[in-house]
Amino acid sequence: MPLSPTATRDLLAQLGHQPKRFLGQNFLVDGNIVRKSVELARIQPDDTVVEIGPGLGTLTAALLETGADVWAVEKDRNLHAHLEATLAPRFPNRLHLLEGDAVEHPLANLPIEHARGGFKIVANLPYAVATPWLDAVLSGPLPMQMVLMLQQEAAQRYVAHPGSKSFGAISVFLQAAYDVAPGHKVAAACFFPRPDVESQLLNLIRKPVPFVFPAKVKALIRGCFQQRRKQIGALLKARLPAHSQKWRELLQTGGLSDQTRPEAIPVEWWVRFSTMPPLA
Ligand code: SAM
């Protein structure tokens, strides 16, 4: 698989493929970062790994070489066909390729019995769908670990703390289920073509007792963060008018008030809130 800008450019020319910006096609061309991604995920032979957007197969090949089974979903028809023709035959029955959209197939059609046995996700994510895809993954079944390459700004939002401008609904959903282990900054030069911004490799480890927010609570929390300048009292009064006594009590027990803004409310409070009748 290509592991330098020149080899990548040559392969793209050979395939007659122009990298598509709208699909976030910035291919990894740095062997150290590919190795680091596999190492951080501590992939063992027989592990089950889901990959989003295998592209030219650079990361995919490194994952397969560990002896793991890989389930991957690629939206680009030409790249999918290229991988089916070149990489799949090298790893019979171990590479399961799906041509499709990762937001519709967040786990690349990994069968539920494999998901239940435990799996990991390793991916250099297409930036345009990173958040809706992650949101879908966080509805479960949850991977044991995720090693994700992201644009710096998205990575910051995911791991942001309450009180920061970047703290949002996706930070709440992710941090209720995952701990963030140290990751790495990744320079634009590690990709071809070079993206305009720096990236970050995030290492997310599932909590011993992860929490998955039900779909309707997720919608409610998302709605609150969309009006993040408003106070929580006004937001909840509009959404749960018949239960104001309950959520007011809950705010008080959490040391918060009607005037607190959603971005200042800790993850643990949102978890408690979502288990409060009538939401639970
Ligand atoms: N994994 C490759 C690598 O690291 O070199 C390519 C990563 S590139 C950042 C993102 C890949 O995701 C591209 O191959 C792109 O075609 C694919 N992609 C973009 N949007 C997608 C979507 N909605 N569903 C699945 N794949 C998508």
Side-chain angles (χ1 to χ4, degrees), residues 1-12 15-41 43 49-65 68 70-88 95-110 120-137 146-155 183-184 186-202:
M1 291 297 123
L3 258 185
S4 72
T6 317
T8 302
R9 210 178 292 126
D10 289 351
L11 176 60
L12 290 168
L15 296 172
H17 187 89
Q18 193 70 24
K20 298 185 180 105
R21 218 182 148 91
F22 74 97
L23 288 180
Q25 290 182 350
N26 302 100
F27 303 104
L28 265 171
V29 293
D30 184 300
N32 285 331
I33 298 296
V34 172
R35 265 191 301 282
K36 193 86 224 170
S37 308
V38 176
E39 253 171 53
L40 278 178
I43 306 292
V49 183
V50 168
E51 189 194 358
I52 304 307
L56 294 169
T58 311
L59 184 56
T60 326
L63 290 166
L64 287 160
E65 277 155 12
V70 176
W71 299 73
V73 53
E74 172 57 62
K75 190 166 183 178
D76 189 305
R77 171 168 296 185
N78 294 336
L79 296 185
H80 173 267
H82 166 69
L83 292 177
E84 276 293 13
T86 56
L87 195 55
L95 174 58
H96 309 268
L97 283 167
L98 173 71
E99 184 195 326
D101 192 316
V103 180
E104 287 160 34
H105 308 279
L107 299 184
N109 281 6
L110 174 72
K120 297 175 178 174
I121 300 183
V122 181
N124 172 15
L125 289 172
Y127 67 90
V129 298
T131 301
W133 167 80
L134 182 60
D135 203 345
V137 169
M146 294 190 265
V147 173
L148 305 177
M149 180 75 75
L150 292 152
Q151 285 199 346
Q152 182 91 309
E153 182 255 329
H184 287 268
V186 180
C190 297
F191 305 90
F192 179 85
R194 286 184 184 206
D196 300 330
V197 291
E198 284 200 331
S199 299
Q200 192 160 339
L201 195 58
L202 273 192

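For ligands, and for the atoms within them, numbers begin at 1 and follow the listed sequence.
Considering only non-hydrogen protein atoms, atom 6 (C) of ligand 1 sits nearest to Gly53 O, 3.3 Å. At the shortest separation from atom 19 (C) of ligand 1 among protein heavy atoms lies Leu23 O, 3.1 Å. Summary of contacts: the protein heavy atom closest to atom 4 (O) of ligand 1 is Asn124 ND2, 2.8 Å. Looking only at heavy atoms of the protein, atom 23 (N) of ligand 1 is closest to Asp101 OD1, 3.1 Å.
Using a 4.0 Å cut-off to heavy atoms of Phe27, the atoms of ligand 1 that qualify are 5 (O), 6 (C). The ligand atoms of ligand 1 that sit less than 4.0 angstrom from a heavy atom of Pro54 are 1 (N), 2 (C). Ligand 1 places these atoms under 4.0 Å from at least one heavy atom of Gly24: 8 (S), 9 (C), 10 (C). For ligand 1, the atoms lying closer than 4.0 Å to a non-hydrogen atom of Leu28 are 3 (C), 4 (O), 5 (O). Those atoms of ligand 1 with a heavy atom of Gly100 less than 4.0 angstrom away are 24 (N), 25 (C). Close approach to Gln25 involves these atoms of ligand 1, each under 4.0 Å from a residue heavy atom: 13 (C), 15 (C), 16 (O). Ligand 1 places these atoms under 4.0 Å from at least one heavy atom of Gly55: 6 (C), 14 (O). Those atoms of ligand 1 with a heavy atom of Ala102 less than 4.0 angstrom away are 22 (C), 23 (N), 24 (N), 25 (C).
Atom CG of Leu63 and atom OG of Ser37 lie 8.0 Å apart (nearest 0.5 Å). Between the CD atom of Gln18 and the CG atom of Leu12 there is a distance of 8.5 Å, given to the nearest 0.5 Å.
Scored by the salt bridge (charged side-chain N to carboxylate O under 4.0 Å, His left out) test, Asp76 finds Lys20 as partners (sequence neighbours excluded). With sequence neighbours excluded, the residues forming a side chain to side chain contact (heavy atoms under 4.5 Å, CB included) with Lys75 are Leu23, Asp101, listed by chain and number.
Between the side chains of Ser199 and Gln151, no donor-acceptor pair is found at a separation under 3.5 Å.
At distances below 3.5 Å, at least one donor-acceptor pair connects side-chain atoms of Trp133 with backbone N or O atoms of Pro106. Checked by atom type and distance alone, the side chain of Glu74 pairs as donor or acceptor with a backbone atom of Gly55 at under 3.5 Å. No side-chain donor-acceptor contact under 3.5 Å links Asn26 to the backbone of Phe192. A donor-acceptor contact shorter than 3.5 Å links the side chain of Lys120 to the backbone of Ala41.
The pair Lys36-Asp30 does not count as a salt bridge, with every side-chain nitrogen at least 4.0 angstrom from each carboxylate oxygen.
You'll find the side chain of Ile33 stays beyond 4.5 Å of the side chain of Phe191, heavy atoms only.
Contacts between Glu51 and ligand 1 below 4.0 angstrom, taking non-hydrogen atoms only, involve the side chain exclusively. Counting heavy atoms closer than 4.0 Å to ligand 1, residue Ala128 contributes nothing at all. When heavy-atom distances to ligand 1 are checked against a 4.0 Å cut-off, Asn26 comes that close only through its backbone atoms N, CA, C and O.
Between Val129 and ligand 1, no pair of N/O atoms sits closer than 3.5 Å. For the pair Glu74 and ligand 1, the shortest N or O to N or O distance falls below 3.5 Å.
Taking the six-membered ring for Trp and thresholds of 30 and 60 degrees, Trp71 and His96 have nearly parallel ring planes, at less than 30 degrees apart.
In this structure, Lys20 does not count as a contact residue of ligand 1, since none of its heavy atoms falls inside 4.0 Å of the ligand. Heavy atoms of Val103 stay at 4.0 angstrom or farther from ligand 1. Proximity of Val73 to ligand 1 is established by a heavy-atom distance of less than 4.0 Å.
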